[in-house]
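These notes concern the structure reproduced below.
Residue numbers start from 1 in every chain, and the chains themselves are labelled A, B, ... in the order their sequence lines are given, proteins ahead of strands.
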Amino acid sequence: MRYLPLSDTDRGEMLARIGVADIDALFADVPKAMLLDGPVDLPRRKSEMEVERILSRMAGRNVAAGSVPFFVGAGAYKHHVPATVDHVIQRSEFLTSYTPYQPEIAQGTLQYLFEFQTQVAALTGMEVANASMYDGSTGTGEAVLMAHRVTKRRKAVLSGGLHPHYAEVVQTLSRMSGDAVVAMPADVMADEDIIGRIDGETSCVVVQTPDVFGNLRDLTAIAEAAHKHGALLIAVFTEVMSLGLVTPPGHMGADIVVGEGQSIGNGLNFGGPYVGLFATRQKYIRQMPGRLCGETVDANGERGFVLTLSTREQHIRRDKATSNICTNSGLCCLAFTIHMTLLGQAGLTRLARVNHANAVKLADMLAGVKGVEVLNGAFFNEFTVRLSRPAAEVVEALAERGVLAGVPVSRLSPGAGLDDLLLVASTEINTDDDRAALVAGLKEVL
Amino acid sequence: MRYLPLSDTDRGEMLARIGVADIDALFADVPKAMLLDGPVDLPRRKSEMEVERILSRMAGRNVAAGSVPFFVGAGAYKHHVPATVDHVIQRSEFLTSYTPYQPEIAQGTLQYLFEFQTQVAALTGMEVANASMYDGSTGTGEAVLMAHRVTKRRKAVLSGGLHPHYAEVVQTLSRMSGDAVVAMPADVMADEDIIGRIDGETSCVVVQTPDVFGNLRDLTAIAEAAHKHGALLIAVFTEVMSLGLVTPPGHMGADIVVGEGQSIGNGLNFGGPYVGLFATRQKYIRQMPGRLCGETVDANGERGFVLTLSTREQHIRRDKATSNICTNSGLCCLAFTIHMTLLGQAGLTRLARVNHANAVKLADMLAGVKGVEVLNGAFFNEFTVRLSRPAAEVVEALAERGVLAGVPVSRLSPGAGLDDLLLVASTEINTDDDRAALVAGLKEVL
Amino acid sequence: QVEPLLFEIGRYETTGVDIDEPEAFAPRLGGMERTGEIGLPGLSEPEAMRHYVRLSQKNYGIDSGLFPLGSCTMKHNPRLNERMARLPGFGDVHPLQPVSTVQGALELMQELARYLMTLTGTQAVALSPKAGAHGELAGMMAIKAAIEAKGEGASRRTVLVPDSAHGTNPATAALIGFQVKAVPAREDGWVHVEDVKAALGPDVAAIMLTNPNTCGLFEPQIVEIARALHDAGGYFYCDGANFNAIVGKARPGDLGIDAMHINLHKTFSTPHGGGGPGAGPVVLSERLAPFAPVPFVRQGASGLELVEHADEAGEAQPFGRVTAFHGQMGMYVRALSYMLSHGSDGMRRASEDAVLNANYIRAGLADLMSQPFGDKPCMHEVLFDDTWLKDTGVTTLDFAKAMIDEGYHPMTVYFPLVVHGAMLIEPTESESKASLDLFIATLRDLAMAAKAGDRDRFVGAPYHAPRRRLDETRAARSPVLRWTPPAPVQEAAE
Amino acid sequence: QVEPLLFEIGRYETTGVDIDEPEAFAPRLGGMERTGEIGLPGLSEPEAMRHYVRLSQKNYGIDSGLFPLGSCTMKHNPRLNERMARLPGFGDVHPLQPVSTVQGALELMQELARYLMTLTGTQAVALSPKAGAHGELAGMMAIKAAIEAKGEGASRRTVLVPDSAHGTNPATAALIGFQVKAVPAREDGWVHVEDVKAALGPDVAAIMLTNPNTCGLFEPQIVEIARALHDAGGYFYCDGANFNAIVGKARPGDLGIDAMHINLHKTFSTPHGGGGPGAGPVVLSERLAPFAPVPFVRQGASGLELVEHADEAGEAQPFGRVTAFHGQMGMYVRALSYMLSHGSDGMRRASEDAVLNANYIRAGLADLMSQPFGDKPCMHEVLFDDTWLKDTGVTTLDFAKAMIDEGYHPMTVYFPLVVHGAMLIEPTESESKASLDLFIATLRDLAMAAKAGDRDRFVGAPYHAPRRRLDETRAARSPVLRWTPPAPVQEAAE
């Protein structure tokens, strides 16, 4: 087997050196009856060529985003990632290294984590950030738990503009932990009275912007209201690219900013791996979940970096830890950091403008299609349209025509009476041809 | 522009430091009338995304070998290359390094070249090998020139089994240098009397095995005859994989063995880059063309490697050099060496057996098709069939049916009266389905 | 050479990404346009490439040398798997595309699930957890849901965790409101069924046990422990971090486990990437299967379906959702590629070789270094303590740092916590005998130097690394978690 | 750590490639089956990966740091180009597939040719040469063919080559039977038209001139030289190795050249790869165009055609064939990707920046280091000699080796041969100002150390590299060009 260096001769010599008769002598603690006497019922080893054939066949049964006019968003976005990013993250020294527990030979990882933390803090307009969560949704769950620790309260209020999957993750976790959650109904037009739901029991209020329907939200008043009641504002984003163009939550009074970083540096990957971004105020760092990288010096006085404040973490603090997270999104952080470094704020801002321009152009085109109504006033690169037919049917019909038109709200929130709504995203990848194909398709099926 | 680090501010500061008013002051030696006053008439810079679109569109207009039943050979072969190979050759330290002129910081390149030379010598059954030529055909040209130097004669005899393109390369070079060439006619059945063409003027006789028609040739008698007349035997191969299974030229008395190494580690690439393998006897090393890597020690007495015997080369010896070659096939050597290392002789022999088995199986299947006659007795992974219709038409008709059936001899040797012959290659990549598709296709069109 | 921080070499006006400005248009940002510097310098592409390549050169990976981190399973990462994960049909597919356009992705998930269930002898698997600890969480949530479904939610609130467990275990249990109760460690390194029985009661929801355990030993009484749990109405959660020792040799389901997460990045070699991404599917027994979270894949009338909401789940009672989408597809592809490559025979052989390699190291060092539970066969990793370093003035940490100077990544140190000065060595099956021989010889040389009193070699180590020993106390006392611009030099007052 | 040779760690029975043995069959090898050990040990995949990764770590590349090798043009290698070359439609296409199945490949070749002709102001291009020296060969063959077509083959047998030329120039001319006649170097570093005229005669077939020349200077009399050649019935071959200085700024065709090869791996950044592969297309003037070798691409009635034989060439008179197939497709893709990315504006700017960077280094070092032709503007590379090292006991080589200890790859040394102790520095446009500032400061520091008499720092250098200075004389005196098994230890005679 190509991955196994030992030959049978080696095995024999090694068993002799160990002083046992055969390999199963080393498995003596396994109850005899439970020790399998041969391989399980799965196929035998395959050559690289055969594996490629099998997996390529499966891959071929999926429609790749890049192969069609593509407008699907709702929490994951198709952007162009420079070839440099994928090249660097595949370097052996990054790809095959572990969590940097031995900092003297892991400065590469540690320095990029420090750069990552700084970039995330700058983007979100916050003071500090951690070295990543799994993704935006689990990060939101962690943010709520952190707010509970900070405020010593146990009730979260979730905006009706929060991505339904994110809300479900928080609700699942809260239900299991016995914490309270107030989840507001779907808020298509961004006119909910969230401030009215904040009270003296409230630990935190969780608001997304751009929200799941694409609306941009001014969080200033909500932050003030929350703070007045001793609660924290958790601001969520699912499209980090928006932070290149719109006011960041940190400038609007958010206490914790958490979201999905996939758009920078990372592919769609059918939902994962992604990278959760998590930023907060300096004063809360000891309540943060996840890894933190900090600056220090070595025995020669040279600057270096280490994982720090690990007394918050599970491997030290066990059941008193701030989170159970261990492995997180290291290589996705690296991809994010390299892409962000290539962009710089100059590139990011321009790219965000192109995203917005493409979305505006598309919205105007769709508004001219009979049976389509664009609902949003202010948005970034995604918006909601009301269709004259159930959106799920329309999406399916367009998929058959080779256009992936967006996400039916009914897929995220079935039974909410929003079957005619469609979320449409547009990024820098969309061309005039793509837009024309979507318009033509809609005209056909509506 | 993403590849250019200087900003306009930088440029201004630098010009000031240099003490010139503008950039064109540095181009003062260019005749004024010839200095362009703006960009040439080509498109402006493009984003990565745009470049990908343009080139992907072009790539999409080609039929990739891996996407169809594929039997094309005649000097280039489709084999499976392990993913490890491509990963390693893309490492920055290999990809972006130069010819190892500074050996202290190029031991990586030098050591693999030393390994490459040893592997090529072992494979060909020769004493020494160089650190690559461009490809098999140019290597053959160099071999003939080397034979002229060694024998101080200027007439080469080329077998009618030599790949016609290789023969043309030798003929072009010889005509330009004023050397004589005797090119024997196409030798489909491997029954030419090449020994009868060797005389006291002959510098070398050039014989290919497996020859271009797929025949395996015993070179022993030819070697004896050549040596009797004071000539050298140059043995050529175009399918290096064959050396895992068949007697190598070095065991049959060849003085120079030269051929194409593409099959190990390197893709088809529409003809290039490939890697020429070149091996000979120890006593001729100072007459060899190309780079040589040799073992030595450093100032601490540690083993190390350097480019050596460079007094043969153009950068030292100029018009007295053994060749004008400079840049050769470094990274292709590396790909070859890694793949060869992964195979080892155990894997190589097995892989060669699979190639041969697939070819035998295919030959037997084709022999059963009406209108097809298999001509070869002994072959490795390629053979010649006589068809009842011109082969070029058949190939075109099968291409329309999505099968790439092989190379019509008329494409290599038009006007030789061999229009009904087809070269068919089969490697480890071919499946039962592939073979069935070829047979079915032939039955349809013959 | 020192590599500066990005922020010290980048410039606000520089970008390494070309894209044209959009044509003039009227923004629709509702007055929410960002103003001011973001604070993100850029680099041109050549500068960025060099910066990150040079950073990488300060790192150590499996490809650089032996990486014997116990419990972490640093085995070879085949590049075939990287290539497969990048096929556009896997890497460039959106989680919310119509299911008709992702049938191959669902097929892959189903096939992965089949492999995992077959190898573990279980009846269900929840794929979506994003890493090992997340899998623990999902598994414990399923247990909690099952208990609640039986109406015992209020009473069964205790989870038994041995002292030797990974920190994630108690952290996970606590996260969802369980009380953690320790099971003491015994001198033989094993959990004893009597101790478990003594702790059992109507309040016990589950035990969380690692097997093979964190001392590198297979728990011989595991079947009895499982039976005791089940008899007492509790569930058996198995931490699968060490499953790689027994893949193809024994099935956890046969041993009686109810839930076990599988670190695809350990057992099935999706790379660790300097700290992730991982993947933590959790396999479930028949008793827990109904409670698996959404989403999951199901065979439907017209192809594979994705069940994303509880009310589409039929008879199942999913406990909820643990992440936004369907989990770590990128890791699923790599893991399946690994499993297809090895096959049932290769996976079994890999486990055997992993165990063989660990025992070979044990045999090579047992005369010099002390083992906390005596010199007996271990599984895929071998545990030493620091008794043998007594009076040398050399600590476990010093010894580990000295290994760096010899070109090795250190083993896991000070874990498990129950062993004093623990050194946990896991070579994995990816090492050749020659590699192990060299490693053993090096460690023997170091051990003899420590015993011979060559203290400087250890307490100052590493000497030959990108950095000397780093001051972790200082980092924690006054945390500097981000770069900030240096204060401008004060102009002299007029 | 020392990395052994593959042959010292590999084993004959080991393989890192799985493939099943074929079913039993009757071989058809005609008695030519290979017997005995081949002598090729194998490694498992993890071992092979580590072996070659560790070897790579002993190398220095552009991504590691500044690589100022004059004449070699070590500029940034965009990874986009690597990705494009690996598209199956380019990388997995056979050169002898039916032309109907490779229309995109032929389109790419035609587009590349159009770019090259536009940038050089020429009328034809032969793409197939495999590297620069091979392009020279093809270009000189075209010249020879043109001369023969005029019936002057017997009389015009002399080629003029300046002393400063690359060694490939005289080697190429000699290879196809030309007599090489030197044109002397002048004190200003330029070739003077009077000297060329003095050498011209009815025997002269061509001149081979590098422009910008190997001293880093643009030849100001190039138009006059070209005219003189043409007036005398000869051809002007231009060595295009330094074309990167003037891309988009001046067109060689406008200057009067008849043939010029283009190193795609220098000017258009297909990577050097430790010594290749390169690509050496040669552009041709109208006078030489008919003689371009086969194969070439032509627009046909039903798409693009590939002309592979002289008798299909129509009015053209191809001089023959220089390689088996169509040249370096992999490099064509990378080069076109580079050109599309830069665009006409970016390529012009790249040349300007390359020249600016070289002059910035010149300005930073001119007071410390001597220049053979005085302190005047250079093109893309700046040339120093060793006059300034006189009496220091430090040679050019020592100085170069000391640069290694500072983390830099040395510049080109002892080339061009006409300059004593030459040091030729080419930073390329890929370096930032900050990078150049650091480089200049480092070289200034070294230069001052040399002048201050710190000889040890130089003659023993490098101290901090994978190897100390290597004994090249020993390597050449008793060449060891391959590994051989160590002689077995002789058994003691009984």
Side-chain angles (χ1 to χ4, degrees), chain A residues 1 5 10 14 18 29 39 42 44-45 58-59 61-64 72 88 91-93 96-97 99 104-105 107-109 118 122 134 137 165 168 172 176 246 269-273 294-296 298-299 304 308 314-315 318-319 321 324 326-328 330-331 342 344-347 357 378 399 407, chain C residues 15-17 22 30 32 38-40 42 52 55-56 58-63 87-89 92-96 98 101 104 130-131 133 167 170-172 174 176 180 218 220 273-278 320-321 324-326 328-330 343-344 346 360 363 432-433 465 467-468 475 480 482-483:
Chain A
M1 208 275 137
D10 292 333
M14 292 166 74
I18 295 165
D29 291 331
L42 289 170
R44 299 288 167 129
R45 71 178 179 198
M58 287 187 199
R61 294 183 64 210
N62 305 317
V63 176
V72 188
V88 175
R91 279 183 60 80
S92 290
E93 294 85 345
T96 76
S97 65
T99 302
E104 296 85 357
I105 47 173
Q107 286 296 302
T109 298
T118 308
Y134 308 130
S137 67
H165 287 177
E168 286 173 42
T172 300
M176 288 287 172
V246 308
N269 290 322
F270 199 51
E295 184 180 321
T296 187
D298 78 356
T308 193
Q314 44 74 25
H315 63 286
R318 303 180 73 86
D319 54 328
N324 76 336
C326 180
T327 289
N328 46 15
L331 211 61
L342 283 167
Q345 61 183 37
V407 179
Chain C
T15 180
V17 178
M32 304 278 288
I38 301 178
L40 291 170
Y52 290 105
L55 284 186
S56 79
K58 300 177 194 300
N59 256 20
Y60 187 101
I62 309 167
D63 292 351
L87 290 172
D92 191 31
V93 178
H94 191 288
L96 296 175
T101 67
K130 309 284 269 186
T172 298
I176 54 174
V180 174
F218 191 95
R321 168 182 285 277
F325 301 118
H326 327 311
Q328 308 285 68
M329 183 67 175
S344 57
Y360 187 66
S432 69
K433 178 169 177 294
R467 279 286 170 273
R468 297 289 305 280
V480 178
R482 62 174 289 184
W483 179 84

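- Chain A forms the most heavy-atom pairs under 4.5 Å with one residue out of C:M329, C:R468, C:R321, and that residue is C:R321.
- For chain A, the option among C:G42, C:G343, C:G275 with the highest count of heavy-atom pairs below 4.5 Å is C:G275.
- Taking OG from A:S97 and NZ from C:K58, the interatomic distance works out to 15.0 Å, rounded to the nearest 0.5 Å.
- With a threshold of 4.5 angstrom between heavy atoms, C:L87 approaches chain A through side-chain atoms but not through N, CA, C or O.
- In this structure, chain C has a heavy atom under 4.5 Å from the side chain of A:V407, while its backbone stays farther away.
- Interface summary for chain C: among A:A122, A:G347, A:A346, the most heavy-atom pairs under 4.5 angstrom belong to A:A122.
- Between A:N62 and C:G104, the closest heavy-atom pair is OD1-N, 2.8 Å.
- Heavy-atom pairs under 4.5 Å with chain C peak, among A:G344, A:A378, A:P5, at A:P5.
- Residue contact with chain C, scored on non-hydrogen atoms closer than 4.5 Å, involves the backbone and the side chain of A:T118 alike.
- Heavy atoms closer than 4.5 Å to chain C are found in the side chain of A:V88, but not in its backbone.
- Interface summary for chain C: among A:E168, A:E104, A:Q107, the most heavy-atom pairs under 4.5 angstrom belong to A:E104.
- Top candidate by heavy-atom pairs under 4.5 Å with chain A, chosen from C:P88, C:G330, C:A174, C:G274, is C:G274.
- At a threshold of 4.5 Å between non-hydrogen side-chain atoms, the residues A:T327 and C:P277 do not count as touching.
- The residue among A:D298, A:T99, A:N328 with the most heavy atom pairs within less than 4.5 Å of chain C is A:D298.
- Annotation for A:R91 and C:S56: closest pair NE-OG, 2.8 Å, computed over non-hydrogen atoms.
- Closest approach of A:T172 to C:G320, counting heavy atoms only: OG1-CA, 3.5 Å.
- Relative ring orientation between A:F270 and C:H326 is described as tilted, the plane-to-plane angle lying within the 30° to 60° band.
- For the pair A:A64 and C:V93, the tightest heavy-atom approach, listed with the atom from each and the gap, is CA-CG2, 4.4 Å.
- Distance OH/C:Y52 to CG/A:L342: 8.0 Å, rounded to 0.5 Å.
- Options C:G30, C:P98, C:G167 differ in how many heavy-atom pairs under 4.5 Å they form with chain A, and the most are formed by C:G167.
- Residues meeting the side chain to side chain contact (heavy atoms under 4.5 Å, CB included) test with A:T296, sequence neighbours left out: A:V306, C:L470, C:D471, C:R474, C:A475.
- Chain A forms the most heavy-atom pairs under 4.5 Å with one residue out of C:G273, C:P220, C:A133, and that residue is C:G273.
- Nearest heavy-atom pair across A:E93 and C:N59 is O-ND2, 3.0 Å.
- Evaluation of the ring-ring contact (aromatic ring centres under 6.0 Å, His included) rule for C:F218 yields no partner, not counting sequence neighbours.
- Of all heavy-atom pairs between C:P22 and A:A357, the closest is CB-CB, 3.5 Å.
- In this structure, the portions of A:M14 lying under 4.5 Å from any heavy atom of chain C include both its backbone and its side chain.
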